[in-house]
Amino acid sequence: MTNKLKNMRPEFLQTLSQIVVFVGIVLTAIGGYGHFHYGKKMGQKREVVIDSKLDSIPVSINSTSNQNTDKVLFAIKDVKQTVDEIASSDGSNIKEISYPRSGGFGINILDRKITRYIVGSYSMRVEVPKKQEVIVKVSGTNWVFPAFQSIPGWRDFDYEKEGTKTIRKFKTLRGGSLDFDIRFTAADEIELTVFENGSKEPSWKRTIIVVDK
């Protein structure tokens with residue numbers, strides 16, 4: 001075995017060391033197969049994607065074959081791309097808190113450029129860097145949200161009633177692109193108050209108008 005290693009080309013040994021490094025990164029990023037990722041078990045598709053890219057590395061490597069070396073390099077590139085996708089899911093690639101125009105459930109109610117809405121379903125979406133957080137306080141009469149959310153990442157707390165108004169706070173549980181299904185059921189004025197990164201004072205607030213269809 002020692003003689004075989006000595007006969008291998010230096011560039012191949014370097015490539016082999018890169019494989020070891022990237023495999024280590026992948027295992028660290030996903031926390032091991034079958035574990036939980038921020039409270040939600042990682043989808044099987046993501047694990048299969050990683051496995052399939054590692055499987056593309058030739059089982060029997062001929063140290064004199066440029067073709068095999070190319071396959072190894074392509075596999076390394078694909079594994080790195082997969083790691084980047086995982087990293088972006090926890091906010092590692094997000095630079096600052098932002099509020100996109102829309103989300104998976106409709107127009108984003110946190111987009112401050114829009115102030116008028118009609119009765120229907122909407123998103124409450126925010127892009128959060130890793131280790132940062134956002135709290136949104138929603139106050140109004142005619143709004144609801146599904147108890148089960150198809151996209152995890154928010155927790156509701158501090159339920160209050162003030163006359164006919166229902167008041168709740170929603171807190172992000174992790175970094176990443178977080179979306180929430182929220183629905184306006186009738187004409188109303190909804191007050192939104194946003195607290196970023198543990199601030200006791202509102203980072204910003206606004207009132208949105210909801211009208212009947």
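Here, residue 1 is the first one in the sequence, and each next residue gets the next number.
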### Task
Quick one: name the residues clustered hydrophobically with Ile135, using the 4.5 Å side-chain heavy-atom rule over I, L, V, M, F, W, Y, and just say none if it's on its own.
Phe157, Phe195

### Message
Arg125 vs Ser177, test: side chain to side chain donor-acceptor pair (under 3.5 Å). Steps then yes/no.
### Response
CA-CA 7 Å; Arg125 181 183 169 191; Ser177 180; 3.3 Å; yes

### Task
Find out if a path of hydrophobic residues (ILVMFWY) with successive side-chain heavy-atom gaps under 4.5 Å connects Ile118 to Leu110.
yes

### Message
To check you understand the geometry: which heavy-atom pair defines the closest contact between Ile109 and Tyr117, and what is its length?
### Response
CA-OH, 3.4 Å

### Query
Roughly how far, to the nearest 0.5 Å, is the NZ atom of Lys165 from the CD1 atom of Ile190?
8.5 Å

### Donor-acceptor pair, side chain of Asp179 and main chain of Gly103, under 3.5 angstrom
no

### Query
Can you tell me how far the CZ atom of Phe184 sits from the OG atom of Ser121, to the nearest 0.5 Å?
10.0 Å

### Side-chain touch Phe170/Met124, heavy atoms, less than 4.5 angstrom
yes

### Message
Among Ile97, Ile94, Thr172, which residue satisfies the side-chain contact (heavy atoms from CB on, under 4.5 Å) criterion with Gln132?
### Response
Ile97

### Query
If you look at every heavy atom in Gly198 and Glu133, which pair is closest and at what distance?
N-OE2, 3.7 Å

### Task
Report yes or no: do Leu173 and Val126 belong to one cluster of Ile/Leu/Val/Met/Phe/Trp/Tyr joined by side chain heavy-atom distances under 4.5 Å?
no

### Message
Given 3.5 Å as the limit, does a donor-acceptor pair link the side chain of Asp111 with the main chain of Lys113, or not?
### Response
yes

#### Entry: Straight-line distance of Leu178 CG to Lys171 NZ, nearest 0.5 Å
13.0 Å

### Smallest separation among heavy atoms of Gly106 and Ser123, with atom names
N-OG, 3.4 Å

### Message
Can you tell me how far apart CD (Glu162) and OG1 (Thr141) are? Round to the nearest 0.5 Å.
### Response
10.0 Å

### Task
Considering non-hydrogen atoms only, spot the tightest contact between Glu189 and Ile209 and give its length.
CG-CD1, 3.7 Å

### Query
Is any side-chain heavy atom of Val138 less than 4.5 Å from a side-chain heavy atom of Leu192?
yes

### Query
More than 12 foreign heavy atoms under 6.0 Å from CZ of Arg155: is that the case here?
yes

### Query
Hydrophobic clusters join Ile, Leu, Val, Met, Phe, Trp and Tyr when side-chain heavy atoms are under 4.5 Å apart, directly or via other members; which others share one with Ile151?
Phe105

### Query
Under a 4.5 Å side-chain heavy-atom rule over Ile, Leu, Val, Met, Phe, Trp and Tyr, are Val136 and Ile167 clustered together?
no

### Query
Do Ile114 and Ile107 touch side chain to side chain, with heavy atoms closer than 4.5 Å?
yes

### Task
On the 0 to 90° scale, with breaks at 30° and 60°, tag the Phe180-Phe145 ring pair as parallel, tilted or perpendicular.
tilted

### Message
I'd like to know if the side chain of Asp156 reaches the main chain of Lys169, judged simply by a donor and an acceptor atom lying under 3.5 Å from each other, with no hydrogens or angles considered.
### Response
no

### Task
Specify the closest pair of heavy atoms between Asn108 and Pro100, including all atoms of both residues, with the distance to one decimal.
ND2-O, 2.7 Å

### Query
Just wondering, more than 12 heavy atoms not from Lys161 lying within 6.0 Å of its NZ?
yes

### Task
Enter the distance from Glu160:CD to Arg168:CZ here, rounded to the nearest 0.5 Å.
10.5 Å

### Task
Provide the closest heavy-atom pair for Trp204 versus Glu196 in the form atom of the first, atom of the second, distance.
NE1-OE2, 3.7 Å

### Query
Going through the distances and angles, do Trp143 and Val210 end up as a side-chain contact (heavy atoms from CB on, under 4.5 Å)?
CA-CA 10 Å; Trp143 66 279; Val210 180; over 6 Å; no

